[in-house]
Amino acid sequence: LGLIVLIYGRPFDFIPALRGLPLLYFAFAFAVIGFFVDVRRGLTPLRAAPHLKWVLGFYVWCILTAAVRGPDSLPTAGLTLTIAISIYLLIAHGLSSFKALEALAATILTCTLLISAICTHQGMQPFQCVALRATDDMSASGRPDGRACETAVTCYQEAPDPEASYRCEHAGLLGITSVGKGRVRYVGVLQDPNEASMAVAMGMPLAFAFYQRRRSATRLALAIVTFILATMTVVLSQSRGGQLVFLSVLGVYFLNRFKTKGLIIALVCALPVLALGGRDGEEAASSALERTENLMVGLTLFGRWPLYGCGFAQFTKHHNLTAHNSYLLAPSELGVIGMVVWDTIIILSIRTAWRSLKICKTAQAEVGRIWSLALLSIFAGMCVGVFFLSFNYHYVLWIHVGLSGALCGAMIRHNGNFKVDITLREVGRVFVGGLVFLAVLFLYTWVKLRNA
């Protein structure tokens, strides 16, 4: 739980006394030690999550492609991937009861609530000048200097630091500033507004699940506050992908409860987000064209190296930006093999929640039904969100894949016959479906760029 708090919260990014301390590595080491202690004491049964062999295969393939195409990136990118996969292993195999799953869900919900509150406060603040050093990149929070502004041009007039570059942004709690003309965000792995809004929207099902577990006034208030803060964060982040994640998450809940009518209810609930969020005008058109160019670069890389791609973490060596599409980043960096393996991991995560939900509806196992629906809703939002993000190796994704493994373990504990797998024929369908998707994506990008 401490490791999850550090990944989401990143206190060492804004507390000077914690800077430079390897807190993430300490927490990771303690989590690993705790896992083996639990196994030795018989508290954690050794079992394989549905996607274990696929995840291990994905990890090995990433390392192999990097060794072939870009061995110089292995020390940094390889360490990040190792930690992400290890987090999955700890969650998917270290948690084997609904009580443990709920403890982790409560931790993630607390983190997303904190992030959404900070983002909402940040977006309500007036614009002020933010100074950046020459060594800072444009994603850095910078140093707000208190001068009000309307554009960055104003900040250069009578600037206290003539050598600094300036942005005109919101400055909120903990010194975190917005980016890209007022788009709210957090720090660390969620410093991108799109990723912050996606993570916050994916926290809503956890609040809904806790209310369903015990319908008290306190938990109802928690669910309402979570919904409001998530709505505000998605709107203020101006993320079009975040809007679709928000709608998808609500859609699963209302579709399950009210069938077809539920989609209409979900759309009505999401109307404020759809109406007020997102970007338009010249900036939105420029962003859409930029993303289309990224897609064409990814398709070109896959066409050049269809078997093993350009190599794990090598996309930005061929283009100044990443693919901004996880379904394309996998084949472009890892080839057709990496594409099939990554897609299969996501499918197995969804299938785990889906089968658990079906069994619990039949057996009237309330706790299993509630958490299965919550995870199904989360993965629906994630599958939509990663279409607009390079999320394949992101900690948040692997935390939630681990949650699906933990759900499987909890179901096995209560129903020893519970099993989730995938056949070779289905893997073949994943392969064909992936190629069809790439073909359709190529036609789309070709037409868009031709008409640009």
Side-chain angles (χ1 to χ4, degrees), residues 51-89 137 139 189 191-192 194-195 290-348 382-383 385-399 401 427 430-442 445-446 449:
H51 21 48
L52 174 62
K53 60 184 179 182
W54 294 95
V55 171
L56 295 178
F58 179 79
Y59 176 76
V60 171
W61 187 249
C62 285
I63 300 301
L64 286 176
T65 59
V68 172
R69 301 294 309 167
D72 57 312
S73 66
L74 269 179
T76 303
L79 178 61
T80 300
L81 180 65
T82 299
I83 293 176
I85 299 301
S86 298
I87 291 170
Y88 153 79
L89 293 171
D137 58 36
S139 64
V189 296
Q191 68 176 347
D192 180 270
N194 301 302
E195 295 177 357
E290 185 179 75
R291 285 177 178 266
T292 305
E293 293 172 348
N294 298 340
L295 296 178
M296 184 54 77
V297 171
L299 291 164
T300 302
L301 293 174
F302 174 71
R304 188 180 302 171
W305 298 293
L307 180 61
Y308 52 83
C310 67
F312 163 60
Q314 302 301 303
F315 192 100
T316 51
K317 290 190 175 181
H318 300 271
H319 189 53
N320 62 318
L321 295 172
T322 187
H324 283 292
N325 186 305
S326 297
Y327 302 107
L328 175 61
L329 184 64
S332 63
E333 285 197 341
L334 307 174
V336 68
I337 295 176
M339 174 191 73
V340 171
V341 174
W342 189 81
D343 289 348
T344 301
I345 292 169
I346 301 302
I347 290 171
L348 284 170
M382 181 179 290
C383 286
V386 300
F387 188 87
F388 307 96
L389 296 171
S390 297
F391 224 63
N392 306 65
Y393 322 114
H394 202 283
Y395 289 159
V396 171
L397 179 138
W398 290 103
I399 287 171
V401 173
V427 173
V430 173
F431 168 73
V432 174
L435 293 182
V436 171
F437 167 77
L438 293 175
V440 172
L441 194 63
F442 174 78
T445 54
W446 182 77
L449 292 175

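Treat the numbers as computed from the prediction; the structure is a model and nothing was measured.
In this structure, L301 and C310 approach most closely via the heavy-atom pair CD1-SG, 3.9 Å. Across all their heavy atoms, L438 and P331 have their closest contact at CD2-CG, 4.0 Å. Shortest non-hydrogen contact noted between H318 and W305 is CE1-CH2, 3.7 Å. L81 and C62 get closest at one heavy-atom pair: CD2-CB, 3.4 Å. Closest approach of Q314 and E333 over heavy atoms only: N-OE2, 3.2 Å. The nearest pair of heavy atoms linking M339 to A330 is CA-CB, 4.1 Å.
Considering T316, D192, N294, T322 as possible partners of S390, the one that fulfils the side-chain hydrogen bond (donor to acceptor under 3.5 Å, both in side chains) test is T322. Considering T344, I347, I346 in turn, T344 is the only one that fulfils the side-chain contact (heavy atoms from CB on, under 4.5 Å) rule with W54. Screening F312, W398, Y88 against Y393 for a ring-ring contact (aromatic ring centres under 6.0 Å, His included) leaves a single residue, F312.
A distance-only check finds a donor-acceptor pair linking the side chain of Y327 to the backbone of C383 [under 3.5 Å].
F315 and H319 have perpendicular rings, their planes meeting at more than 60° on a 0 to 90° scale where under 30° would count as parallel. Using bins of under 30°, 30° to 60° and over 60° for the plane-to-plane angle, the ring pair F387/F437 lands in the perpendicular bin.
Here the straight-line distance linking atom CG of L56 with atom NE2 of H51 works out to 11.5 Å at 0.5 Å rounding.
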Problem set entry | Residues L329, F391; criterion side-chain contact (heavy atoms from CB on, under 4.5 Å); working and verdict | CA-CA 9 Å; L329 184 64; F391 224 63; over 6 Å; no

